[in-house]
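Heads up: the structure comes next, in structure tokens.
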Amino acid sequence: MVFDLDGTLADTSADLIAAANYCFQGLGHGDVLDPVADALTAFHGGRAMLALGYARVDPEGAEAGVPEQYPVLLEAYGREIDRHTRLYDGAMDAVEALRGRGFAVSICTNKPEGLAESLLSRLGVRDAFDALIGADTLPTRKPDVAPYHAAVTQAGGEVERSILIGDTVTDRDTARAAGVPIVLVGFGPTGEAVSALEPDALLAHYRDLPDLAEALLP
């Protein structure tokens, strides 16, 4: 079982938005992004948040500003990575139940590996996962299949007997490229509208995941 992290295992949006706003505060613009209204953009990464903010305050400066501010954002985010972040209800109960049924579990995220390691450690759940592959662990990132393959094999699994749990079109495309089932969560910022991506299953609550996993991999 391979999990995405942001928007799938944990709602990280408020801390991500706060890091982006730190950049704009330093530029004299104040809080440009909203932690609720802009939550979906947060799950598309730091550059997407900066681009959205610049589109509101300085569209002509975005081309130079985004790469310039991105390291500032990462540093700010790393300092306050778990201030508001929470694991989704039932997530770790599901992980433990899966492990009890003989599944290996790992993470494949487009968050930089060091930040992902830090977040999971601060949340006290890193040891529950057999492997973690981040955006910079390999030369490529999702939706390329190499990170997904690594997340499976480093956990001791076989790609053809694996499932990806995610929340975005990137996760859907990764699973399709790997030829494995994709389960998308229906409790992220997109809600059940994520069903438009035509996943193999839509997860309404983590309590349903262990039985769903066994149904998808009989």
Distance (rounded to the nearest 0.5 Å) between [X] [atom1] and [Y] [atom2]:
X    : Y    : atom1 : atom2 : result
Y54  : Q69  : OH    : CD    : 4.5 Å
R172 : T174 : CZ    : OG1   : 10.0 Å
Y206 : D93  : OH    : CG    : 12.0 Å
F43  : M49  : CZ    : CE    : 10.0 Å
Y77  : D15  : OH    : CG    : 6.0 Å
I133 : Q154 : CD1   : CD    : 4.0 Å

Sort out for me which residue in I165, L9, V2 forms a side chain to side chain contact (heavy atoms under 4.5 Å, CB included) with I107.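 That would be L9.
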
Is the OH atom of Y70 crowded by more than 12 outside heavy atoms at less than 6.0 Å?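 Enclosed: over 12 neighbouring heavy atoms sit under 6.0 Å from OH of Y70.
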
If you count every heavy atom of other residues, nucleotides or ligands that lies below 6.0 Å from E160 atom CD, does the total exceed 12?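 Enclosed.
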
Starting from [Y], can I reach [X] by hopping between I/L/V/M/F/W/Y residues whose side chains sit under 4.5 Å apart?
X    : Y    : result
L132 : L74  : yes
I163 : V180 : no
L52  : Y22  : no
F103 : V152 : no
L98  : Y88  : yes

Do Q25 and D31 meet the criterion of a side-chain donor-acceptor pair at a distance under 3.5 Å?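 Short answer, yes.
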
Quick one, [X] and [Y] - any side-chain contact, counting heavy atoms below 4.5 Å?
X    : Y    : value
H84  : I17  : no
Y148 : L164 : yes
L5   : L120 : yes
D89  : F187 : no

Where [X] and [Y] come nearest, the two heavy atoms and their spacing:
X    : Y    : result
A116 : T109 : CB-CG2, 4.0 Å
T190 : L40  : OG1-CD1, 3.3 Å
A155 : D130 : CB-CB, 3.7 Å
R122 : R79  : NH1-O, 3.6 Å
P181 : A175 : O-CB, 4.1 Å
A128 : M92  : CB-CE, 3.6 Å

Okay, side chain of [X], backbone of [Y]: is any donor-acceptor separation there less than 3.5 Å?
X    : Y    : value
S162 : V159 : yes
S106 : A151 : yes
S118 : L115 : no
D11  : R86  : no
D82  : L119 : no

Which ring-ring contact (aromatic ring centres under 6.0 Å, His included) pairs, counting each pair once, include a residue from residues 114-138, with sequence neighbours left out?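 For residues 114-138: none.
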
List the atom pairs, with distances to 0.1 Å, where a side-chain N or O of residues 193-204 and a protein N or O form a donor-acceptor pair under 3.5 Å, not counting sequence neighbours.
unit_1, atom_1, unit_2, atom_2, d
S195, OG, E192, O, 2.8
D200, OD2, R176, NH1, 3.0
D200, OD2, I182, N, 2.8

Which residues share a side chain to side chain contact (heavy atoms under 4.5 Å, CB included) with H29, sequence neighbours left out: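 Scan of H29 (side chain to side chain contact (heavy atoms under 4.5 Å, CB included), adjacent residues dropped) gives F24, L27, V32, V57.
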
Can you pull out every salt bridge (charged side-chain N to carboxylate O under 4.0 Å, His left out) where at least one residue sits in residues 135-144? Sequence neighbours excluded, please.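 Passing the test, one end in residues 135-144: D4-K142, K142-D171.
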
Salt bridge (charged side-chain N to carboxylate O under 4.0 Å, His left out) contacts touching residues 35-46 (sequence neighbours left out):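 Residue pairs passing salt bridge (charged side-chain N to carboxylate O under 4.0 Å, His left out), neighbours aside: D38-R56.
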
Atom pairs and distances, side-chain donor-acceptor, residues 209-217, under 3.5 Å, sequence neighbours left out:
unit_1, atom_1, unit_2, atom_2, d
D211, OD1, R101, NH1, 2.9
D211, OD1, R101, NH2, 3.1
E214, OE1, R101, NH1, 3.2

